[in-house]
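All ligand and atom numbering here is 1-based and tracks the order in the structure.
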Amino acid sequence: TVNFNLNGREVTVPAGITILEAARLHGVKIPTLCHHPDQRVKANCRVCVVEVEGQKNLAASCATTVAAGMKVKTNSPRIRETVQTILELIFANHPQECLTCIRNGNCELRRLAADYGMLEVKGEMVTDALPLDTSTPSLVRNPNKCIKCGRCAEVCHHVQETGVLYSHFRSVDVQVAPEYGKYLSDVACVLCGQCAAVCPVGAIHEKDDIASVWAALDDPGKHVVVQVAPAVRVSIAEEFGQPPGTIATGRLVSALRKLGFDRVFDTDFTADLTIMEEGHELLHRLKTGGALPLMTSCSPGWVKYIEHNYPELLPHVSTCKSPQQMFGALAKSYYSQKSGIDPADIFVVSIMPCTAKKFESQRPEMNASGHQDVDAVLTTRELGRILKQAGVDFATLEDDAFDDPLGISTGAAAIFGVTGGVMEAALRTVYEVVTGQELADVEFTAVRGLEGIKEATVDLAGTSVKVAVAHGLGNARRIMDLLRAGQADYTFIEIMCCPGGCIGGGGQPYGTTNAVRRQRIEAAYRVDAGLAIRKSHHNPAIAKLYEEFLRHPLSETSHHLLHTRYKN
Ligand code: HC1
């Protein structure tokens with residue numbers, strides 16, 4: 001530990017931490033903009049400056065390590081004036097569109113303006129007039145609102161390692177954008193939205209699809225059904241001020257009923273179905289000498305990534321569509337037949353933690369029902385907004401239950417949104433199918449946790465199966481490079497595009513950090529542990545679906561509706 005003086009008080013903090021971290025430990029708030037707790041220090045916005053006695057210049061607290069005996073002031077006329085000047089300079093080049101900005105209400109710059117009493121914009125306004133990038137179904141980039149903090153480029157380069165967003169030009173002309181002024185649709189962007197998740201302002205955000213959902217809900221000729229991804233139930237409460245890790249499944253169902261959906265179903269149902277299909281695909285490949293290792297296919301950012309970067313490895317990707325798309329295909333076939341509703345009149349909405357799911361729903365492969373299988377995708381943040389538009393008071397809602405049959409699921413599905421969850425769910429089923437024995441302890445702890453790459457070896461009645469799990473595309477790249485070099489001896493690999501899995505998706509409530517990821521992950525495991533049925537093959541609604549419609553895993557109907565080949 002080290003002792004130093006913070007605002008006139010002697011304090012003790014762990015050695016090696018920054019002034020910013022030390023101040024936070026002692027309840028002193030220092031403003032930040034470019035800083036993000038999960039990222040490397042950038043120190044380019046300078047709003048976190050402090051006075052260090054004996055130093056002529058103000059120091060960036062995010063980039064200055066505490067030294068023993070230091071005397072630090074975080075509030076002084078000089079500091080306030082400096083921060084206000086920095087904010088004025090940012091405002092002079094920032095469109096004054098706060099009232100109509102998608103970040104109205106949760107903009108970090110706007111919050112700072114309020115905290116620092118910025119009641120006017122001094123000086124001349126010089127705002128840019130650069131074109132908006134609306135080239136993808138997932139994201140909107142508004143370069144005019146960019147404050148050049150560099151968070152998006154940092155996550156794009158150093159976490160996802162996709163390298164799409166760069167800092168171009170110098171000084172006041174700096175722009176953070178894809179190369180040569182290209183649009184996101186022209187480059188190898190996977191639409192994961194991690195850039196949007198860390199943007200402090202409205203410079204890059206999800207494409208808002210709320211209007212199309214309202215139009216369907218308001219159309220008496222449409223039968224509107226909704227599915228909810230596993231990760232949303234452990235994060236939606238954050239949109240209403242509740243802490244990360246709050247489990248809100250029952251209230252979520254109530255809220256969706258209040259919006260007017262005709263049926264409230266669950267992506268967890270088709271997560272269980274994915275395990276049945278993918279588990280049998282693995283067994284089939286093992287028996288017939290198919291391409292191994294098998295790799296999961298449910299994360300659309302990951303699928304887009306392998307298409308761009310490792311197309312020769314595509315035969316390893318499972319032919320299973322994602323649970324979102326299996327749901328859409330079944331809603332407009334199985335459910336349509338059962339309910340007697342023409343699939344042309346069924347409108348399927350997905351609530352997803354993910355921006356890439358918007359892209360996935362519009363892929364040409366995704367119309368096995370004869371229609372676009374999923375009509376609209378809202379992120380968790382958009383769900384928060386549409387509920388506010390409808391005046392739903394989320395905190396006071398009573399719990400409600402999903403509709404039958406596409407709303408019945410197990411604990412295995414509940415952990416799909418967590419890194420390692422798909423693997424664990426698959427092992428629960430594959431083990432019992434192969435060995436014919438009951439798996440007493442369903443928790444495969446070796447594949448749990450936030451370590452970038454996890455490995456485990458599972459004994460299936462004498463056959464050893466080595467599995468790997470990676471989350472975040474930087475980690476995926478390491479596994480793919482091993483595979484490309486012929487150095488990977490895995491049988492089954494789970495890859496999730498976003499750090500932490502879908503609970504850390506690009507469409508999740510703002511403020512996602514590793515600490516928040518841990519809380520959401522822990523909540524998902526609590527959902528699983530609290531359910532009576534924790535293995536996908538024990539889901540009675542799935543058994544009925546096979547009996548009434550699909551016949552058996554990998555059947556012809558399954559292949560037609562639930563499988564595809566990504567060819568790029
Ligand atoms: Fe996911 Fe999936 S887990 S991809 O992370 O396989 O988005 O939550 O819905 O489809 O089930 C996302 C989450 C989600 C699919 C499932």
Side-chain angles (χ1 to χ4, degrees), residues 138 190-194 197 206 226-236 247 249 252 265-278 295-305 317-318 320-331 348-361 363 366 373-374 377-383 402 406-407 409-426 469-472 494-509 512 517 520-521 523-524 527-528 536 539 542 562 564:
S138 299
V190 302
L191 304 173
C192 67
Q194 289 299 310
E206 66 281 4
V226 64
Q227 60 167 322
V228 194
V232 176
R233 65 210 68 199
V234 295
S235 63
I236 182 62
I247 300 168
T249 319
L252 181 54
F265 289 137
D266 199 353
T267 315
D268 285 25
F269 170 77
T270 34
D272 279 330
L273 182 62
T274 301
I275 292 303
M276 295 300 290
E277 293 290 324
E278 201 162 301
M295 301 195 292
T296 57
S297 56
C298 43
S299 165
W302 150 241
V303 171
K304 195 166 186 300
Y305 178 80
V317 174
S318 164
C320 287
K321 290 180 186 168
S322 73
Q324 154 167 281
Q325 293 306 139
M326 287 195 184
F327 180 93
L330 286 179
V348 176
V349 177
S350 307
I351 311 292
M352 293 281 142
C354 172
T355 48
K357 286 280 175 198
K358 290 175 186 273
F359 161 80
E360 181 185 54
S361 71
R363 288 186 67 121
M366 303 304 172
D373 296 327
V374 172
V377 178
L378 300 184
T379 60
T380 314
R381 293 195 291 269
E382 287 165 278
L383 176 63
F402 286 108
L406 309 191
S409 67
T410 72
I415 56 174
F416 250 61
V418 171
T419 167
V422 178
M423 179 59 72
E424 182 168 339
V469 172
H471 59 112
E494 176 206 292
I495 297 195
M496 283 292 175
C497 172
C498 291
C502 297
I503 53 88
Q508 286 284 61
T512 301
R517 286 186 183 93
R520 293 178 189 155
I521 287 172
V527 174
D528 167 34
S536 297
N539 181 334
I542 293 287
L562 312 178
T564 189

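A side-chain donor-acceptor contact under 3.5 Å links T296 to the backbone of I495. Without hydrogens or angle criteria, T355 side chain to G506 main chain gives no donor-acceptor distance under 3.5 Å. Under the 3.5 Å distance criterion, the side-chain polar atoms of Q194 are matched with a main-chain donor or acceptor of G504.
Here is the list of ligand 1 atoms found below 4.0 Å of a heavy atom in K357: 4 (S), 7 (O), 10 (O), 12 (C), 15 (C). The distance from ligand 1 to the heavy atoms of P323 drops below 4.0 Å at these ligand atoms: 6 (O), 10 (O), 11 (O), 15 (C), 16 (C). For ligand 1, the atoms sitting less than 4.0 Å from at least one non-hydrogen atom of Q324 are 10 (O), 15 (C), numbered in the order shown with element in parentheses. Taking every heavy atom of M352 and a limit of under 4.0 angstrom, the matching atoms of ligand 1 come to 7 (O), 9 (O). Near C354, meaning under 4.0 Å from one of its heavy atoms, ligand 1 places the atoms 7 (O). Each of the atoms 11 (O) of ligand 1 lies under 4.0 Å from some heavy atom of A271.
Using a 4.0 Å heavy-atom cutoff, G501 is absent from the residues neighbouring ligand 1.
The nearest heavy-atom contact from the protein to atom 6 (O) of ligand 1 is C298 CB, 3.1 Å. Among protein heavy atoms, atom 9 (O) of ligand 1 sits closest to A229 CB, 3.1 Å.
Salt-bridge formation is detected for the pair K357/E360: a Lys NZ or Arg NE/NH1/NH2 atom is positioned less than 4.0 Å from an Asp or Glu carboxylate oxygen.
Here the rule is side-chain contact (heavy atoms from CB on, under 4.5 Å) with D272, and of D266, N539, T267 only N539 fits it.
Checking G505, C502, A231 against atom 1 (Fe) of ligand 1, the nearest heavy atom belongs to C502.
Remark: ligand 1 and S299 share no N or O pair separated by less than 3.5 Å (distance only, no angle test).
Interatomic distance, C298 SG to K321 NZ, rounded to the nearest 0.5 Å: 14.5 Å. Atom CG of L273 and atom CG of L330 lie 6.0 Å apart (nearest 0.5 Å).
In summary, the side chains of R520 and T512 do present a donor paired with an acceptor at a separation below 3.5 Å, with no hydrogens or angles considered.
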